[in-house]
Amino acid sequence: MYDHQDIEKRNRLHWDTDKVYQTSEDVEKKRCYSLVMFPYPSGDGLHIGHARIYIGADIYARMRRMQGYRVLHPMGWDAFGLPAEGYALKQRKHPQETTKQNIVNFKKQCQLLGLSYDWDREINTTDPEFYKWTQWIFLQLYKKNLAYESHAPVNWCPICKTGLANEDLSNGKCERCDSAIERKPLRQWILRITEYADRLLNDLDTLDGWSDAVKEVQRNWIGRREGFLIPFQVPSAGASIEVFTTRPDTLFGCSFLALSPESRHIDTLLPYCTNSTKIEEYRRESYVAKEDEEVGSGVLLKDVSAIHPITGSTVPIYIARYVVGGYGTGAIFASPAHDERDFAFAKKHDLPIKRVISGDNMLPDTETAPTAILINSDTYDSTPYEKAKVVLAEAAGGRKKVVYRLQDWVFSRQRYWGEPIPLIHCQKCGVVPVPEKDLPVVLPECTSYEPTGTGESPLAAIEAWVSVKCPQCDGMGKRETNTMPQWAGSSWYHLRYIDPSNTTTLTDKEKEKQWMPVDIYTGGMEHAARHLIYARFWHKVLFDINMVSTSEPYTTLKTVGIVQAEGGGKMSKRSGNVVDPLAIAEHVGVDAVRVYLAHIAPFNQTVAWSNKGVAGPRRFLERVYAMREKVKDADTEEKITRLQHQTILAITADIEAYRFNTAISSLMIFTNALREMETVPKSAYSTLIRLLAPFAPYLADEIWHTLGNETSVHTAPFPKADTSLAQDETATIAVQVQGKTRGTVIVPRGSNQETVLEMIQRDTRLHDYTAKLTIKVFVKNKIISFV
RNA sequence: GCCGGAGUGGCGGAAUUGGUAUACGCGCACGACUUAAAAUCGUGUAUCGCAAGAUAUGUGGGUUCAAGUCCCACCUCCGGCACCA
């Protein structure tokens, strides 16, 4: 038995003092920027999910380093935001203090796991020297008119007491505290991400290293739809309502208009309605959080009506919650026979349901025809419906319009623990950006930082901080008191690792060119529609202002599968089934935990933890360790040489593709082969140890030193395969009869059909099977098939 | 409902372009060592069958000399989005 704790301690010390993982800046070398999604340093410390991500990326980075690449493999802390602030509130401490403690703990845990980060490049989003540049980027967005102030209703979490972006919701609830979301008109800073929607969508096609799963999530999230804007006049109010539709072909089936409660048209029409009280009441209710919305709810706007743009007939107008405010124009025309929701509404309010497309409708007991045509549509009858879309849209005075499900990014939070938005409100000059020389705008110290719930940030109460001279007119101004969301720092942090202590710019341009884009980015799937969209957005903005040299930040993306509790299901403190990787490591050693996680399943696949399973990798490592006593300087048998080169090929390819599970299998097969030998040739063993090094860095380095090496195995060259030596000299040919495999014959590699037949004839059993049959197919080195 | 992903032994899983299904590991069984147990080492382990052999990759079809892999239909599970017009 090896003493893992002793080995880990000594080698950690040696790695540290010898700076084994320092980033090489030698531009002659091939480069590898291996980035992991940095964590929010939670009070609970590093969990098994973190471990799986970090270990995977670490295995990759370690192999690249040994292969002679200059490797940038850094780590940092995403420490602003609601979770950090919530934790501090619970502890009744200042977030600055708890964050600091948590980072110390988290960093120690990373080091225990043997992760080969270059700690000289550690970053922290809450460090003023870091968020100075987060604020700087905000100013660039502001200058480019990509940040704007709005008073429109936004998602409001009554528990977190802050406005939230759409991305922060899950099933209409607060993603953090699961409480029902309200709509609240609020002064907000919003980023115009929709301006970049098409580029965010189209450039997905250039990301060959991303999985289709992630790209699909992003495509769906962006939700690009092509349709038309159709104007409906409301003469009595002198107004015109534009509706968005993808189905102008159903215009003749229009039986009402529906407006979202958030539609500005409501304000215009309200004075002309005789039931304005009821409408206002309905509207007010819409802002309150709802568990289950009643199907078909809505109120008629009495005594105002619209004119159908083609037929000229009168169309009633409703206020209805099923129309989403932020999508399209927040107003629709309803064609109940051809839309499920319109149908439900029409049924409830007793409105006409008129079929206008043959076969395509929501009415029961009808079939859907593939080549539908218009019916009940006056002179347009018989027009194919696809064609009718354009024809009727034109007839109605409509125009083409592209809309997105993606909405602009609500970027301000009414909370304390975030980057202050670097703007000043001046009575005379309006909104004035903080001059770049005055950055960072440092988050003020305070004793009480609880959220107020009034729609104002706690910062608003810190008079001494808020009051500031206007940079333009020198008059009295007030600082913007909203802070940035949690996702700000992570939208650009990959650039700071490149040049973490630069005081004049966010990252040196020359260095940026040396390292960007990130070669391989490893993290959780849960960031597919949030961090990964935000970061791509900011990166494109930085590209447009010539701060970065590529339009995409991350070339290859690897997402990790969830580690479930023993026997399946979610780990939770409540069920007491949380697996602490470091507690397990204390018993079996870090290396065994690493090998276990690598071997257990494909990296991106969900997997259940097994306490028993982790014993296997320890056994394996123990065997590798024990074998060193049989190692002698000796010639290697051909068989072993061949297997060795095959193993190198397999493992190299597997690590490159994040197939760690099969890499470990190959390593075990090679180990088992060596174990059968009386004496193990030193060269083979040395190869084994270097192949093992990325997976089990502690034990590998320990053994490496006992083999007489002075320096670390982690700076030793990774084994290179000789393809010609990896070739088998024989081939096993499957003999199939009528599609069934009846046996095999072994022949020299590359043998022709005649040789194979000869071998079959020597085997009486196979000979009997095949004697009267003819050869249908012969594939060299693989198969011979008789019928 | 829409969009993705996946169904292979008792369990986690393996299988270049269709070419010997079940590698590797866990578990289990038996054996060796031991007074004994643990650990370790060895052997075996898809199912049925004494055997020859037959049957097996979610279900049902199809293409092919040959299908886990390709095509069609369906079922189940997981993830994402969801009153998005």
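Below, chain A is the first sequence line, B the second, and so on; all start at residue 1.
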Run the side-chain contact (heavy atoms from CB on, under 4.5 Å) test against A/Ala535 and tell me which residues pass, sequence neighbours left out. A/His531, A/Tyr554
In whole Å, what is the span from the CZ atom of A/Arg405 to the C1' atom of B/A85? 14 Å
To the nearest Å, give me how far apart CG (A/Leu204) and P (B/G80) are. 19 Å
Whole angstrom is fine here: how far is it from CG in A/Asn672 over to P in B/C41? 10 Å
Is it the case that over 12 heavy atoms from other parts of the model lie below 6.0 angstrom from the CZ atom of A/Arg749? yes
P gap between B/G80 and B/G58, integer Å: 25 Å
When the P atoms of B/G9 and B/C3 are compared, how many Å lie between them, rounded to an integer? 29 Å
Evaluate the side-chain proximity of A/Arg224 to A/Leu201: yes if any heavy-atom separation is below 4.5 Å, no if none is. yes
Which nucleotide wins on minimum distance to the side chain of A/Tyr322, given the candidates B/G25, B/A21, B/C83? B/C83
Among B/G12, B/A85, B/A14, the one nearest A/Pro602 by side-chain distance: B/A14
Could you tell me whether A/Arg247 and A/Asp339 make a salt bridge, using a distance below 4.0 angstrom between a side-chain N and a carboxylate O? no
Would you mind classifying the nucleic acid contact of A/Thr606 as base, sugar-phosphate or nothing, using non-hydrogen atoms under 4.0 angstrom? sugar-phosphate
State which residues pass side-chain contact (heavy atoms from CB on, under 4.5 Å) with A/Arg399; sequence neighbours excluded, sorted by chain then number. A/Leu229, A/Glu242
Just jot down the ring-ring contact (aromatic ring centres under 6.0 Å, His included) partners of A/Tyr196, sequence neighbours excluded, or say none. A/Phe537
Every protein N/O lying under 3.5 Å from an N/O of nucleotides 26-32 of chain B:
| from | atom 1 | to | atom 2 | distance (Å) |
| --- | --- | --- | --- | --- |
| B/C26 | OP1 | A/Arg619 | NE | 3.0 |
| B/C26 | OP1 | A/Arg619 | NH2 | 2.8 |
| B/G27 | OP2 | A/Arg619 | NH2 | 3.0 |

Distance between C1' atoms of B/G1 and B/C65 (Å, rounded): 45 Å
The ring-ring contact (aromatic ring centres under 6.0 Å, His included) partners of A/Phe695 (sequence neighbours excluded) come to none
Table of protein N/O atoms under 3.5 Å from nucleotides 62-65 of chain B N/O atoms:
| from | atom 1 | to | atom 2 | distance (Å) |
| --- | --- | --- | --- | --- |
| B/C65 | O2 | A/Ser785 | OG | 2.8 |

When the C1' atoms of B/C11 and B/C28 are compared, how many Å lie between them, rounded to an integer? 11 Å
Ignoring hydrogens and angles, tell me if any N or O in the side chain of A/Tyr596 forms a donor-acceptor pair with the backbone of A/Ser610 under 3.5 Å. yes
Is the side chain of A/Asp408 donor-acceptor paired with the backbone N or O of A/Thr194 at a distance under 3.5 Å, no angle test? yes
Rounding to a whole Å, what distance do you find between A/Leu251:CG and B/A85:C1'? 12 Å
Interatomic distance where CD belongs to A/Glu340 and C1' belongs to B/C83 [whole Å]: 10 Å
Atom NZ of A/Lys630: over 12 foreign heavy atoms under 6.0 Å: yes
Think A/Thr741 has a side-chain N or O under 4.0 angstrom from the OP1 or OP2 of B/A21? yes
Picking from B/C41, B/G19, B/C81, the nucleotide nearest the side-chain atoms of A/Arg675 would be B/C41
With a 6.0 Å cut-off (strictly less than), is the heavy-atom count around CG of A/Leu649, excluding the residue itself, greater than 12? yes
Would you mind telling me which residue lines up with the more 5' stretch of RNA chain B, A/Gly743 or A/Met525, judged by nearest nucleotide? A/Gly743
Indicate yes or no: does A/Arg619 engage A/Glu622 in a salt bridge with an N to O separation below 4.0 Å. no
Rounded to the nearest 0.5 angstrom, the CG-CZ distance for A/Leu251 and A/Phe333 is 4.0 Å
Taking side chain as C-beta onward, heavy atoms only, is A/Trp487 less than 4.5 Å from A/His527? yes
Can you tell me the distance, in whole Å, between the CG atom of A/Leu621 and the P atom of B/U40? 13 Å
Under a 4.0 Å N-O cut-off, is there an ion pair linking A/Asp342 with A/Lys347? no
Take nucleotides 49-54 of chain B nucleotide by nucleotide from the 5' end and write B, S or -, depending on whether a protein heavy atom sits under 4.0 Å from the base, only from the sugar-phosphate, or from neither. ----SS
Excluding sequence neighbours, so at least two apart, what forms ring-ring contact (aromatic ring centres under 6.0 Å, His included) with A/Tyr625? A/Tyr2
Can you tell me how far P in B/A67 sits from the matching atom in B/G19, rounded to whole Å? 11 Å
For the residue pair A/Trp210 and A/Asp208, confirm or rule out a side-chain donor-acceptor distance under 3.5 Å. no
Heavy atoms only, 4.0 Å cut-off, all strands: where does A/Val323 land among base, sugar-phosphate and nothing? base
Give RNA chain B the dot-bracket treatment, 5' to 3': Watson-Crick (N1-N3 with N6-O4 or O6-N4) or G-U (N1-O2, O6-N3) under 3.5 Å, [ ] crossing, | other strand. (((((((..(((......[....)))((((((.......))))))(((....)))..(((((..]....))))))))))))....
Identify which nucleotide among B/A85, B/C24, B/G19 has an atom closest to any side-chain atom of A/Lys782, counting heavy atoms from C-beta outward. B/G19
Using a 4.0 Å cut-off on heavy atoms, which residues in residues 643-663 of chain A reach RNA chain B? List them by number, or say none. A/Asn661, A/Thr662
For the C1' atoms, the ones on B/A15 and on B/C81, what distance do you get once it is rounded to whole angstrom? 35 Å
Expected label for B/G9 (glycosidic angle, syn inside 90° of 0, else anti) would be syn
Please check the phosphate of B/C83 (OP1 and OP2 only) for any side-chain N or O of A/Arg321 closer than 4.0 Å. no
For A/Lys215, look at atom NZ and say whether over 12 heavy atoms of other residues, nucleotides or ligands are found less than 6.0 Å away. yes
Just by distance, do the side chain of A/Asp591 and the backbone of A/Arg594 share a donor-acceptor pair under 3.5 Å? no
Can you figure out which of B/A23, B/G13, B/A85 approaches the side chain of A/Ile669 most closely? B/A23
Within the 4.0 Å heavy-atom criterion, would you say A/Arg219 contacts the bases, only the backbone, or no part of the nucleic acid? nothing
Pairs where residues 649-659 of chain A contributes a residue and the test side-chain hydrogen bond (donor to acceptor under 3.5 Å, both in side chains) is met, not counting sequence neighbours: A/Arg64-A/Glu656, A/Thr522-A/Tyr658, A/Asp654-A/Arg659, A/Asp654-A/Thr662
Span that lies between the P atom of B/A38 and that of B/C33, in whole angstrom: 15 Å
Which part of the nucleic acid, if any, lies within contact of A/Glu622, taking any heavy atom under 4.0 Å across all strands shown: a base, the sugar-phosphate backbone alone, or nothing? nothing
Write down the protein N/O and nucleotide N/O pairs, taken from nucleotides 2-9 of chain B, whose separation is under 3.5 Å; answer none if there are no such pairs.
| from | atom 1 | to | atom 2 | distance (Å) |
| --- | --- | --- | --- | --- |
| B/C3 | O2' | A/Glu216 | OE1 | 3.2 |
| B/C3 | O2' | A/Asn220 | ND2 | 3.3 |

Test salt bridge (charged side-chain N to carboxylate O under 4.0 Å, His left out) applied to A/Glu226 and A/Lys400, step by step: CA-CA 7 Å; A/Glu226 287 180 6; A/Lys400 279 197 173 167; over 6 Å; no
Using the P atom on both, measure B/G60 against B/U69 and round to a whole Å. 13 Å
